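Report on the following structure.
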Amino acid sequence: MAKWTLLTAVALLSPAICQVPVQPNAATAADPAAGKTIFQSHCALCHGLDGGGGRGPDLRRPKLDRAPDDEALKSLILNGIPPDMPDGGFYSPEDIANIAAFVRSLGNIPPEKLPGNPARGQALLERSGCLGCHILAGQGVAFGPPLTDIGAKRGAAQLRETLRNPAKTIPEGFLLVDVTTSSGQTLRGIRLNEDTFTIQLKDSHGRIYSFRKSTLRALKKLRNQTPMPSYASAFSPAQLEDLVAFLASLRGLP
Ligand code: HEC
Ligand code: HEC
């Protein structure tokens, strides 16, 4: 007991003993293991514990679409991608460097091999009415979200779940709305924008409307509802896999 007190006193009095050895480049050398811990508590929710994707894309690729180099990756982690991915303004620069180092290390893991056949999936998509609600490479109707880059935005597991059970994977910010105008006309649409006084909607033909809320007889927000049907029974499991493989391959226009 007395010995500890003495040592503490010596340590306090002598700066040489107190000094913690500092690596010359400790500020710049990133630690992927520390990054992994943060990733698993803050990012895995959307990107999977192993980085294999979900609500967000599979990060196990050597070249990331939105983060071609380390600076871009760090600024992406700091700023997020509104409205889909939250920002990381609360991380220290060290945290961000560590997370980025871990994300880069995922690039060495080969991405998941999908069982489906993308060409068959494309043919299925083209004859199944999907383009009656979605734009794909300039074709179709802009009611639901565009599919042109959906494989860069969502992991395969999430795409599979959307086809089976779309109400369970409704994207951030998506809202279906029913309005009744003062003359009694009704319209169902997807909310594009809303402020205190007005609301803008897009109908199933992709037409855009703006209403002053005070002129509407009724305005009903259909939370957690989607116009997209489930394809769980319309398609066989093999067809669903073909479609998932095709959707996962959609990474935007060249
Ligand atoms: C709430 C869900 C969510 C969370 C949490 C989240 N992300 Fe994302 N992330 C996404 C989505 C969705 C995208 C795709 C957005 C797009 O492309 O429009 C994305 C994209 C990315 C990309 C770009 C991938 C590419 O191919 O270019 C990186 C890198 C990334 N996220 C890393 C992270 C890291 C690291 C964390 C934790 C610090 C994190 N994300 C947390 C949803 C999330
Ligand atoms: C009646 C219109 C309609 C039809 C038909 C339809 N969808 Fe959708 N789809 C939507 C809407 C609206 C959303 C957004 C809300 C949601 O996720 O349910 C959506 C969401 C999606 C998403 C997820 C988008 C994201 O950002 O995560 C995918 C993938 C998708 N649809 C693919 C398809 C495919 C493939 C088909 C055909 C087999 C299809 N959809 C048929 C309206 C439709």
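Since this is a predicted model, take the numbers as computed values, not measurements. For the numbers below, each heavy atom of this structure counts, side chains included, while hydrogens, waters and symmetry mates do not. Numbering starts at 1 and runs along the sequence shown.
Counting only distance, with no hydrogens or angles, the side chain of Asp58 and the backbone of Gly53 share no donor-acceptor pair below 3.5 Å. Between the side chain of Arg154 and the backbone N or O of Arg55, at least one donor-acceptor pair lies under 3.5 Å. Panel note: side chain Lys202, backbone Ala142; a donor-acceptor pair is recorded below 3.5 Å. A side-chain donor-acceptor contact under 3.5 Å links Thr148 to the backbone of Ala137. Side chain of Thr226 to main chain of Met228: a donor-acceptor pair is present (N/O by atom type, distance under 3.5 Å, no hydrogens or angles). Proximity of a side-chain donor or acceptor of Ser182 to a complementary backbone N or O of Leu216 within less than 3.5 Å is not detected. Looking only at distances, a side-chain donor or acceptor of Arg104 sits under 3.5 Å from a matching main-chain atom of Asp69.
Between Leu247 and Leu125, the closest side-chain pair of non-hydrogen atoms falls below 4.5 Å. Counting heavy atoms from C-beta outward, Phe143 and Ile190 have side chains that approach closer than 4.5 Å. Put simply, the side chain of Cys133 does not reach to within 4.5 Å of the side chain of Ser204, judged on heavy atoms. Annotation: side chain of Pro145 is not in contact with side chain of Ile150 (no heavy-atom distance under 4.5 Å). Taking 4.5 Å as the limit, every side-chain heavy atom of Leu136 sits out of range of all side-chain heavy atoms of Glu126. Between Leu64 and Leu76, the closest side-chain pair of non-hydrogen atoms is not below 4.5 Å.
Among residues at least two apart or in separate chains, side-chain hydrogen bond (donor to acceptor under 3.5 Å, both in side chains) pairs with a member in residues 233-242 are Arg120-Asp242, Arg160-Glu241. Listed by first then second residue, pairs satisfying salt bridge (Lys or Arg N to Asp or Glu O under 4.0 Å) with a partner in residues 179-196 read Asp178-Arg188, Arg191-Glu194, Glu194-Lys213, Glu194-Lys221, not counting sequence neighbours.
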Let's go through Thr181 and Tyr209 carefully: what are the C-alpha distance in whole Å and the side-chain angles of both, what is the deciding distance for side chain to side chain contact (heavy atoms under 4.5 Å, CB included) to 0.1 Å, and is it a yes or a no?
CA-CA 12 Å; Thr181 64; Tyr209 299 80; over 6 Å; no
Begin from the C-alpha positions of Glu112 and Arg60 and carry the test side chain to side chain contact (heavy atoms under 4.5 Å, CB included) through to its verdict.
CA-CA 8 Å; Glu112 181 190 358; Arg60 294 173 303 186; 3.7 Å; yes
Between Phe235 and Leu243, does a side chain to side chain contact (heavy atoms under 4.5 Å, CB included) hold up when you go through it step by step?
CA-CA 10 Å; Phe235 297 147; Leu243 206 43; 3.5 Å; yes
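Transitive grouping of hydrophobic side chains (ILVMFWY, heavy atoms separated by less than 4.5 Å) brings Leu175 and Phe211 into a common cluster.
The aromatic rings of His47 and Phe39 are tilted relative to each other, their planes meeting at an angle between 30° and 60°.
Remark: Phe197 CZ is loosely packed, at most 12 non-hydrogen atoms of other residues, nucleotides or ligands lying under 6.0 Å away.
A donor-acceptor contact under 3.5 angstrom links the side chains of Thr169 and Thr162, judged on distance only.
Contact detail for Leu163 and Pro166: the closest heavy-atom pair is O-CD, 4.3 Å.
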